[in-house]
Every structure is written in structure tokens, then in C-alpha cells.
K.L.:
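Pasting in a structure now, in C-alpha cells, and then I'll have a few things to ask.
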There are 2 protein chains.
Amino acid sequence: MQKTTTSPELMLENQLCFTIYACSREFTKLYQPHLDKIGLTYSQYLVMIVLWEKQQCTVKELGEALFLDSGTLTPLLKRLQAAGLILRERSLQDERKVLISLTDKGWALQSEAVCIPGKMAEGTMLSADEFVNLLGQFKSLLARVHEANTAATK
Amino acid sequence: MQKTTTSPELMLENQLCFTIYACSREFTKLYQPHLDKIGLTYSQYLVMIVLWEKQQCTVKELGEALFLDSGTLTPLLKRLQAAGLILRERSLQDERKVLISLTDKGWALQSEAVCIPGKMAEGTMLSADEFVNLLGQFKSLLARVHEANTAATK
DNA sequence: TTAAATTAAATTGTGTACAATACATTTCAT
DNA sequence: ATGAAATGTATTGTACACAATTTAATTTAA
């Protein structure tokens, strides 16, 4: 079949979503060597960040914080449990809920992780101003897209 | 173990990378219903976008355009081939290369895909200005992080 | 108050991602 | 011309990501 010029909206260089998607994977790659040292994947690191902050939460709360569902979290949490970093136990009040909490080993890992954000800032060479500015814009974009999704599901 | 206050850099709400990562997945979710209609996943849609634009390319060129490696692309391309959308054939000049090109069915799909970017703009309610502004910022951040990665691998 | 609806996790199945490795082909330095 | 290095894909193994379904527990409404 013959070639015709692609309409500009369909060109790769004009895809906002692709740029974000590629950006996300490149960022994960930048974390990799630092996370390897403490034995976590990027997704596992995010779960640990939530737990260091909240000490204990349910699978559902983790999913809401990270925008992940139980199909992703359950096996991930089982791996963190197998690594001895977290505990998984049914709530006594509501046995449908599974409470996730940190072991001593899980808490101890925080002191090894605390240097990672600094390493990332160094790697990307973003100033504090740029960082705050980008974070704000991306958060508001996230809120809009998340809103569009929840509106669509309704 | 006892709770101490998490240092601000380790808090989820201050993670630039997480915001981008969540944004990427929420965007993909917004595409999903539209891509379902034409039988593509988001990654497959990106490959088709490159092919509609370049008509033919090697697996390596696809990987460079999309920041993906052969371990991801090979099975994905086999599924597109099984769906009758693309051809995969060894180059005669250099038999290490696999040339990817579109079938008539693959070309025909472009006319069904052309409306998708408009649907996304509608869903997110981004103005043209906001879109261009965000695209530019993400592209420049992508370039910086990619640069940081290639510098690190060197 | 108990049957129906809702909720919370887990499971299953498909499709990425990517590191590491393997393999075949090509290129290059001697 | 030839053995070593480089190149381009494919394969393997681990870990997400998410839709769809299942199971069990809780809430509700008639």
C-alpha cells in the first residue's frame, strides 16, 4: 500500500503519553543501581515508602496511594514478606482486610534508602526550583487524568 | 520498632518519579477503551505509530525510537504479525537485521486510529497551550534522564 | 433477620519490561 | 585472509500491570 503523510497528531514526537511513558521507564532505570544495593525493585521501593510513612495499612490503602490493584500488589507483597521486610496479617475486626506492616528488618532498610532521593537529584541535575515546579505540574496532570478515568468508569 | 518522622525526600508526595509513573499508567488506562476497539495494546499502538510514520524499519530502530529492547519487542512484534498487521523478514543485505513493515491490514488500521489523539485531548481537557507546554517539559526531562542513563552505562 | 448487595483480597490469564545470555552475522585489525 | 570484536535478534527468567473472576466477610434493606 502507498505512503501518505501521517497526520501530525499521530506522530510519535507529538505524543504526550509516550513521552511520559518513556520518561517513567528511564527514571526507573536511573534508580535501578541504587535499588539493587538494597535489594528492592522500584515498585517494591514505592510500597516501602508508603509503609515507612504510615507504619501500617491495608492492601486497599496501598493500592489507592500507588494507583495499583490487588493483582499487582498481592504477589509483590508476598515477595517483600519472603524477603523478611513486611508482615501480612488478616485484620481481626474485618477479616476481609489484610494488614501490612514492617518488620525490624523493613524499618532498618529506611536508613539505607534515605540517600537515594539525593542520588537521583544529582543524576538528573535538577535544581530545587525545577524539581518543585515539575512536581507541581505533573501532580496536577495526574489528578486530571485520574479524574478523567474515574469519571469514565462511572 | 518505633516510629520516627520520615524525612521529606522519602515521602510519596515528594516523589517526582512516582508522579510520572502513576501518570503514565493513568494515561494508558485512558487510552484503553479506544485501543480496545481497534484491537491494540498501548505498546502495540506505539509500534504502529512508528511504522505508519516510517513505513519500514528494523527492530533496533524501533527500539531506539521507543526506548525498548528486543526482549520486549520480539514477542510484541510476533503478536502484531499473528494479528496480520505487520510483516517480519530478514534483511537480504544484512541477515542480522529483521525488517518490520506494514501489511494492507496494518495500513488500513491507521484510519481507525487517527481519531484517538482527539479523544484523549477531549478526555484530559488540556488546551493546546497546556499540551505543548507539558510536552516540551516532559521531552526535556526525558532527554536529561536518558542522558544520565547513557552516561552512567559508559 | 436473613437474603441480596457490597466490599476486600486473592487468583488467573495475557501482555509487557528488562537483565542476562546465547547465537548468528558482519566488520575490522593485522 | 582470518580470528577477534562488534552488531542485531532471539531466548530465558523475574517482576510487574491490569482485566476478569472467585471467594469470603460485612453491610443493607425488605
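Below, chain A is the first sequence line, B the second, and so on; all start at residue 1.
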K.L.:
Can you list the residues that meet the ring-ring contact (aromatic ring centres under 6.0 Å, His included) rule with B:Y21, with sequence neighbours excluded?
P.N.:
A:Y42
K.L.:
With a non-hydrogen cut-off below 4.0 angstrom, is A:T72 in contact with a base, only sugar-phosphate, or nothing?
P.N.:
base
K.L.:
Do you know which two heavy atoms are closest between A:V145 and B:T124, and how far apart they sit?
P.N.:
CG2-CG2, 4.0 Å
K.L.:
Looking at A:L80 and A:V47, what are the two nearest heavy atoms and their distance?
P.N.:
CD1-CG1, 3.8 Å
K.L.:
Which is true for B:Q44 with a 4.0 Å heavy-atom rule: it touches a base, it touches only sugar-phosphate, or it touches nothing?
P.N.:
sugar-phosphate
K.L.:
Sort and list the pairs that fulfil salt bridge (charged side-chain N to carboxylate O under 4.0 Å, His left out) and have at least one residue in residues 125-152 of chain A, not counting sequence neighbours.
P.N.:
A:E130-B:R144, A:R144-B:E130
K.L.:
First and last nucleotide of DNA chain D in contact with chain A, 5' to 3', at under 4.0 Å to a heavy atom: what are they?
P.N.:
D:dA15 to D:dT26
K.L.:
What's the CD-P distance between B:Q32 and C:dT14, to the nearest Å?
P.N.:
16 Å
K.L.:
According to salt bridge (charged side-chain N to carboxylate O under 4.0 Å, His left out), does anything in residues 12-32 of chain A pair up with another residue at least two apart or in another chain? List the pairs.
P.N.:
A:E26-A:K29
K.L.:
Can you tell me the distance, in whole Å, between the CG atom of B:N149 and the C1' atom of C:dA19?
P.N.:
14 Å
K.L.:
May I ask you to list the residues of residues 76-95 of chain A, by number, that have any heavy atom positioned under 4.0 Å from an atom of DNA chain C?
P.N.:
A:K78, A:R88, A:R90
K.L.:
Do any side-chain nitrogens or oxygens of B:S43 fall under 4.0 Å of OP1 or OP2 in C:dA17?
P.N.:
yes
K.L.:
Who pairs with A:H146 by ring-ring contact (aromatic ring centres under 6.0 Å, His included), at least two apart in sequence or on another chain?
P.N.:
A:F67
K.L.:
Output the rounded distance in Å from CG (A:L99) to C1' (C:dA8).
P.N.:
12 Å
K.L.:
Which atom pairs, one a donor and one an acceptor, fall under 3.5 Å between side chains of residues 112-123 of chain A and the rest of the protein, sequence neighbours left out?
P.N.:
none

K.L.:
Listed by chain and number, what are the side chain to side chain contact (heavy atoms under 4.5 Å, CB included) partners of A:E95, not counting sequence neighbours?
P.N.:
none
K.L.:
Quick one: bend of the helix from C:dT1-D:dA30 to C:dT30-D:dA1 from 5 pairs per end, to 10°?
P.N.:
10°
K.L.:
Salt bridge (charged side-chain N to carboxylate O under 4.0 Å, His left out): which pairs involve residues 62-87 of chain B, sequence neighbours left out?
P.N.:
B:K60-B:E64
K.L.:
For A:R96, does its backbone N or O pair with a side-chain atom of A:R90 as donor and acceptor, under 3.5 Å?
P.N.:
yes
K.L.:
List in numerical order all residues of residues 57-71 of chain A for which some heavy atom is under 4.0 Å away from an atom belonging to DNA chain C.
P.N.:
A:T58, A:V59, A:K60, A:S70, A:G71
K.L.:
If you find the nucleotide of DNA chain C closest to A:Y21 and the one closest to A:P75, which residue's nucleotide is nearer the 5' end?
P.N.:
A:P75
K.L.:
Quick one: does any side-chain atom of A:W52 pair with a main-chain N or O of A:G106 as donor and acceptor, under 3.5 Å?
P.N.:
yes
K.L.:
Please identify each residue that fulfils ring-ring contact (aromatic ring centres under 6.0 Å, His included) with B:F138, with sequence neighbours left out.
P.N.:
A:F138
K.L.:
Kindly say whether B:L135 contributes a backbone atom to a donor-acceptor pair with the side chain of A:T19 at under 3.5 angstrom?
P.N.:
no
